[in-house]
Number of protein chains: 2
Amino acid sequence: MANINDVSRLARVSKATVSRVLSGNRGVREESRQAVLKAVQALNYQPNLIAQSLSGQSTGCVGVICAMESMQHAVNYLPALEKQFRRHNKHLLLRFADSAAGVESAISSLGRGLCDAMIVIGARFELPKLDGSVVLIDCLNAPGAYSISFDHAFAAETACQYLISHGRRQLALLNYPDGETAENVLHGYRRGLEYHLVPYNRRLVVCRDPSPRVALQALVNSGARFNGLLVMNQADAREAISVLHAYRRAVPDQLAIISLDGAAPLPGSLLPLPAIEYPLEKLAEQALEMITGHSGTGPLVIRGDLVAG
Amino acid sequence: MANINDVSRLARVSKATVSRVLSGNRGVREESRQAVLKAVQALNYQPNLIAQSLSGQSTGCVGVICAMESMQHAVNYLPALEKQFRRHNKHLLLRFADSAAGVESAISSLGRGLCDAMIVIGARFELPKLDGSVVLIDCLNAPGAYSISFDHAFAAETACQYLISHGRRQLALLNYPDGETAENVLHGYRRGLEYHLVPYNRRLVVCRDPSPRVALQALVNSGARFNGLLVMNQADAREAISVLHAYRRAVPDQLAIISLDGAAPLPGSLLPLPAIEYPLEKLAEQALEMITGHSGTGPLVIRGDLVAG
DNA sequence: TTGTATGCGTTATCAG
DNA sequence: CTGATAACGCATACAA
C-alpha cells in the first residue's frame with residue numbers, strides 16, 4: 001500500500017500539503033491540489049487508519065460487548081448499530097461476554113487505545129462500575145452515567161391494557177428475578193390491572209430464572225387460572241408456547257401471550273405475537289449521540305411501541 | 001492512560017528496557033526487571049495497541065463482513081468466531097453487507113491498515129474477485145483461494161437418505177437459484193433418490209428465489225404430490241411450515257421437512273426439525289488457521305452432521 | 001501558499 | 001546488560 005511519502009514524491013509537494021489536501025483543503029493552490037489528487041488516484045492511496053489514530057487521538061473504533069445470555073436478543077442490535085456508526089466512519093469492535101467478569105475483561109482488552117468508546121448490550125447480570133465512556137444499552141441495573149434503558153413499567157402497563165382490552169383479565173407474569181427491573185415490571189403490571197379493577201393475584205407472578213419452563217410448569221401446576229401471559233422477551237415467549245402446548249393450552253386462542261421486548265422478530269415465525277418493541281434505529285442514533293457527545297448527559301429511558309401480533 | 005515513558009521514568013530505566021521486559025524478557029538484569037514490573041503495576045500500564053500496530057506491522061484485527069440476506073444465519077457464526085479469535089488476541093471488526101458492492105466497500109474501508117485479514121460470511125450473491133487475505137465462509141460461488149464451504153451435494157444426499165429411511169419417498173426440493181451450489185444440491189438430491197430407486201420428478205424441484213413462499217405455493221398448486229421437503233436453511237423451513245400450515249398440511253405428520261443448513265437452531269423452537277448442521281467451533285478453528293497461515297492453502301469443503309429433529 | 005520539524009507510543013537496531 | 005535513536009505513517013504548529 002502506498003503511503004503519504006509516495007504521494008508527496010509523485011506530486012512533487014511535501015507530505016504536509018498532501019495531508020492538507022486530503023483533510024479539509026484549506027489554503028492550497030489549485031495546481032498543487034490537482035497534482036496531489038492525481039497522485040492519489042494513480043497510487044490508489046488511502047491514508048493508513050492506524051497512523052491517523054496514533055497521530056490524532058481517536059481511533060474511530062467503538063467496542064461493542066454483547067451479553068451472551070440473551071444473545072439472540074443482543075445480536076439484533078448489531079446491524080442497526082453498525083449502519084448508524086458506519087455513517088460516521090466509526091468501526092465496531094465486537095466482543096461477547098456472559099458475565100460481569102467477562103465484560104470487565106473485554107473492556108480492559110479493548111480499552112488499550114483501540115477504542116474511543118464502548119457499548120455494552122443486553123447484560124442481564126450485575127455490571128461492575130464502569131468508565132464514563134461506556135454506554136449501556138438494554139442492561140438491567142445500569143450503573144453508569146450513560147445508559148439507554150427501557151421503561152419496563154410502561155411496557156408492562158401497556159401490555160396489560162392491551163390484553164385486558166382483548167378480553168383477557170386473568171394475567172400471569174413471567175418476570176425477571178428480584179431487582180430494580182423486576183420491580184418496575186411488577187409496578188406497571190399492577191397499575192395496568194388496577195386501572196381495570198382487576199384484583200392482583202400474587203400466585204400469577206412467577207420468576208423466569210433459572211428456567212422459564214420450570215416456572216411455567218409450576219404456575220400451571222398451582223392451579224391458578226390465567227388466560228393471558230406477559231413474558232420478558234421472544235425467546236421466553238417461545239418457551240412458553242412450547243410448555244403450554246404440552247399442557248394442551250392453545251395459543252393464542254385459549255391463552256394470549258405478549259412479550260415485553262419484541263426485538264428479534266423471527267423471520268417466517270409461525271405465530272406473530274403481540275409485543276412491545278423498541279425502535280432499533282432510534283436506539284442506534286441515541287447511542288451514537290451519547291458517544292460522540294452531542295447529547296445531553298444522563299441516562300435515557302425510552303418507551304416501546306405496542307405491536308399487535 | 002500511562003504510557004511507556006511514564007513507566008521508564010518511574011522505573012529509572014529506558015523505554016527500551018521497559019519494552020524488553022514486557023515482550024520476551026531476554027537479557028534484562030533481574031533488578032531492572034523487577035523495577036519495571038513494579039512501575040507497570042503502580043501505573044496500571046498497558047501497552048497501547050495502536051502504537052504497537054504502527055510499529056509492528058500487524059494490527060491484530062480481523063474484519064468480519066456478514067451478509068445480511070441470511071443474517072439470522074451469518075450472525076450465528078459470530079460468537080464462535082469471536083471466541084476462537086480472542087484466544088489468539090485477535091479482535092473482530094464487524095460490518096454488514098447486502099450486496100457485492102457492499103462487500104467491496106466494506107473491504108476497502110477496512111483494508112486501510114485496520115485489519116490484517118478479512119472474513120466474509122454467508123454471501124448468497126455473486127462475489128467480486130478478492131484479495132488473498134480474505135477468507136470466505138459459507139459463501140455461494142466462492143471465487144477466492146481461501147474459502148470454507150459446505151458440501152451441499154453430500155448434505156442433500158444425506159437428507160434424502162434420512163427422509164426415505166423414514167418412509168418419505170416423494171421428496172420436494174426448495175433449491176437455490178441457478179448456480180454451482182444449486183447444481184451440487186440437485187446432484188446430491190438425485191443421487192439420494194437413485195440409491196433408493198425413486199424416480200426423479202423435476203416438478204418437485206422449485207427455486208426459493210425470489211420467494212420461498214411463492215415457490216411453495218406454486219409447488220402445491222401444481223398438484224405434484226410430496227411428503228418430504230428439503231429446504232436450504234431454517235428460515236426457509238419456517239416459511240415452509242407457515243405456507244403448508246395454510247394449506248392444512250401438518251408438519252411433520254403429513255410432511256417431513258429437513259434443512260440443509262441447520263445453523264441457528266432457534267431457542268425454544270416449537271418443532272425441532274431434522275437438519276444438516278455444520279460445527280461452528282471447527283469452522284472457527286479452520287478460519288483462524290487460514291488467517292494465521294498455519295494451514296495448507298486452498299479451499300476447504302466440510303461435511304455437515306445429520307441431526308434428527 | 002508551502003515546506004520543515006516535531007509528536008503520537010511502540011519496537012527494533014546498534015553502539016556502548 | 002542497557003540506553004540512545006531511528007523507524008512506523010500521519011497530522012499540525014510554526015517558519016518561511
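Numbered from 1 within each chain, the chains take letters A, B, ... in sequence-line order.
- Checked by atom type and distance alone, the side chain of A:Asp261 never pairs as donor or acceptor with a backbone atom of A:Met232 at under 3.5 Å.
- When rounded to the nearest whole Å, the span between CD1 of A:Ile4 and P of D:dT12 equals 11 Å.
- Separating the CZ atom of A:Arg33 from the P atom of C:dT2 is a distance of 11 Å, rounded to the nearest angstrom.
- Direction change of the helix axis from one end of the helix from C:dT1-D:dA16 to C:dG16-D:dC1 to the other is 50°, with five pairs defining each end axis (rounded to 10°).
- Note: CG (A:Asp6) to P (D:dG9) measures 9 Å, nearest angstrom.
- Residue contacts for B:Ser23: at a heavy-atom cut-off of 4.0 Å it reaches no nucleic acid atom on any strand shown.
- Annotation for B:Glu180: atom CD does not count as buried by contact number, only 12 or fewer foreign heavy atoms lying within 6.0 Å.
- Judged purely by distance below 3.5 Å, without hydrogens or angles, the side chains of B:Ser109 and A:Arg86 never pair a donor atom with an acceptor atom.
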task = For A:Arg33 and A:Glu30, run salt bridge (charged side-chain N to carboxylate O under 4.0 Å, His left out): C-alpha distance rounded to whole Å, both residues' side-chain angles, the deciding distance at 0.1 Å, then the answer.
result = CA-CA 5 Å; A:Arg33 214 180 83 83; A:Glu30 185 58 21; 3.4 Å; yes

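- Toward the 5' end of DNA chain D, the nearer of the two residues B:Ser55 and A:Val18, judged by each one's closest nucleotide, is B:Ser55.
- Computed from coordinates, the A:Leu54 CG to D:dA7 P distance equals 17 Å when rounded to whole Å.
- A distance of 10.0 Å separates CG of A:Asp209 from CZ of A:Arg124, quoted to the nearest 0.5 Å.
- Of the candidates D:dA11, C:dT2, D:dT2, the closest approach to any side-chain atom of A:Arg29 belongs to C:dT2.
- Side-chain N/O atoms of B:Asn3 include one lying less than 4.0 angstrom from OP1 or OP2 on C:dG9.
- Across all strands shown, A:Gly56 has no heavy atoms under 4.0 Å from either base or sugar-phosphate atoms.
- Between A:Ser19 and the phosphate of D:dC10, there is no side-chain N or O to OP1/OP2 separation shorter than 4.0 Å.
- At the phosphate of D:dG9, neither OP1 nor OP2 sits under 4.0 Å from any side-chain N or O atom of A:Gln52.
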inquiry  = Between A:Asp138 and A:Tyr278, is the side chain to side chain donor-acceptor pair (under 3.5 Å) condition met? List the steps.
reply    = CA-CA 10 Å; A:Asp138 186 17; A:Tyr278 298 87; over 6 Å; no

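- A distance-only check finds no donor-acceptor pair linking the side chain of A:Ser147 to the backbone of A:Pro299 [under 3.5 Å].
- When distances run from any side-chain atom of A:Ala16 to the nucleotides D:dA13, D:dG9, D:dC8, the shortest one goes to D:dA13.
- Side-chain N/O atoms of B:Arg20 and base N/O atoms of D:dG3 include a donor-acceptor pair closer than 3.5 Å.
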